[in-house]
Amino acid sequence: MPTSLPVPIEFRLPEGWLPARPEGGDPGVAFAAVHPEPDAGFAANITIEGGFPPEARTLAEVAAQSVERLGEAADSVAVTDRREFGSTHSPGLTQRLTFSAVAGDVHRDLVQSQVYLSFVDIEEPRRRAVIRLALTATAAQYDGVVGDFQKFLRSVRPDTGKAA
């Protein structure tokens, strides 16, 4: 069963993408969507998860821990790009990973773009919630779907409960 996010957000899926059950029943994933045109049986996917990391942990440390976790399940994990963005009060981090993994009984070369957004806990301002948005695609399909992921990212906002 999907988990809930520590901070409610709203977003718009790119045209054609379909909501889906998280792969492998990952309990940490709050939302997943798949691209309608798989590449050799693997559907590019977008996942959203989040939590409250320990106060002293930076986004770079959270991202590094994600790389370590992926390395436990995949081969040859490499960080090909990592950049911080935003401000001290509203930091973010993006990283791109390449790795090999078995998916659907087939060994595949995959690319994952991860974006980490940090939100201040309104009730306890010293605490920060972190939301991770990720795109995973085959190396062959990545360039064709990363634009959709960028459109998706531009639509992500905190859900204030107010109608737009």
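No hydrogens, no waters, no symmetry mates; every other heavy atom, side chains included, goes into these values. Residues: numbered from 1 along the sequence shown.
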- Message: I want to check something: taking the side chain as every heavy atom from C-beta on, are Val145 and Trp17 in contact at a cut-off of under 4.5 Å?
- Response: yes
- Query: Cluster question for you: counting only ILVMFWY and a side-chain heavy-atom cut-off of under 4.5 Å, with indirect links fine, are Leu133 and Val130 together?
  - Reply: no
- Message: How long is the straight-line distance from CD of Glu61 back to CD of Gln65, given to the nearest 0.5 Å?
- Response: 9.5 Å
- Message: Any non-hydrogen side-chain atom of Tyr116 less than 4.5 Å from a side-chain atom of Val62?
- Response: yes
- Under 3.5 Å donor-acceptor, Gln95 side chain and Ala63 backbone: yes
- Evaluate whether atom CZ of Arg69 has more than 12 neighbouring non-hydrogen atoms of other residues, nucleotides or ligands under 6.0 angstrom away. yes
Tell me which donor-acceptor pairs under 3.5 Å the side chains of residues 74-81 have, and how far apart each pair is, sequence neighbours excluded?
from	atom 1	to	atom 2	distance (Å)
Thr80	OG1	Arg96	O	3.2
Thr80	OG1	Arg96	NE	3.4
Asp81	OD1	Arg83	NE	3.2
Asp81	OD2	Arg83	NE	3.2

- Item | side-chain hydrogen bond (donor to acceptor under 3.5 Å, both in side chains) evaluation trace for Ser66 with Gln114 | CA-CA 9 Å; Ser66 177; Gln114 301 176 341; 3.1 Å; yes
- Item | Check: Leu110 and Ser100 side chains under 4.5 Å, non-hydrogen atoms | no
- Residue set satisfying salt bridge (Lys or Arg N to Asp or Glu O under 4.0 Å) with Arg127, at least two apart, ordered chain then number -> Asp121
- Co-membership, hydrophobic cluster, residues Val67 and Val111, 4.5 Å side-chain: no
- Is Val7 linked to Leu153 within one hydrophobic cluster, defined over Ile, Leu, Val, Met, Phe, Trp and Tyr using a side-chain heavy-atom separation of less than 4.5 Å? yes
- Message: For a side chain to side chain contact (heavy atoms under 4.5 Å, CB included) check, start with the C-alpha distance between Ser118 and Leu59, then their side-chain angles and the critical distance, and finish with the verdict.
- Response: CA-CA 8 Å; Ser118 181; Leu59 286 181; 4.2 Å; yes
- Query: Can you list the residues that meet the side-chain contact (heavy atoms from CB on, under 4.5 Å) rule with Ser90, with sequence neighbours excluded?
  - Reply: Ser87
- Item | hydrophobic_cluster_shared for Leu97 and Ile131, side chain cutoff 4.5 Å | no
- Query: Can you list every pair that meets salt bridge (Lys or Arg N to Asp or Glu O under 4.0 Å) and has a residue in residues 128-147, with sequence neighbours left out?
  - Reply: Glu49-Arg132
- Message: Contact between Phe152 and Leu135 at the side-chain level, heavy atoms closer than 4.5 Å - yes or no?
- Response: no
- Side chain Ser155, main chain Phe11, donor-acceptor under 3.5 Å: no
- Task: Check whether Leu117 and Leu13 end up in the same hydrophobic cluster, where Ile, Leu, Val, Met, Phe, Trp and Tyr are linked by side-chain heavy atoms less than 4.5 Å apart.
- Result: yes
- Item | For Ala60, all residues meeting side-chain contact (heavy atoms from CB on, under 4.5 Å), sequence neighbours excluded | Thr58, Glu84, Leu93
Sequence neighbours left out, cut at 3.5 Å: what donor-acceptor pairs do the side chains of residues 33-43 make with other protein atoms?
from	atom 1	to	atom 2	distance (Å)
His35	ND1	Glu37	N	3.1
His35	ND1	Glu37	O	3.4
Asp39	OD2	Thr138	OG1	2.5

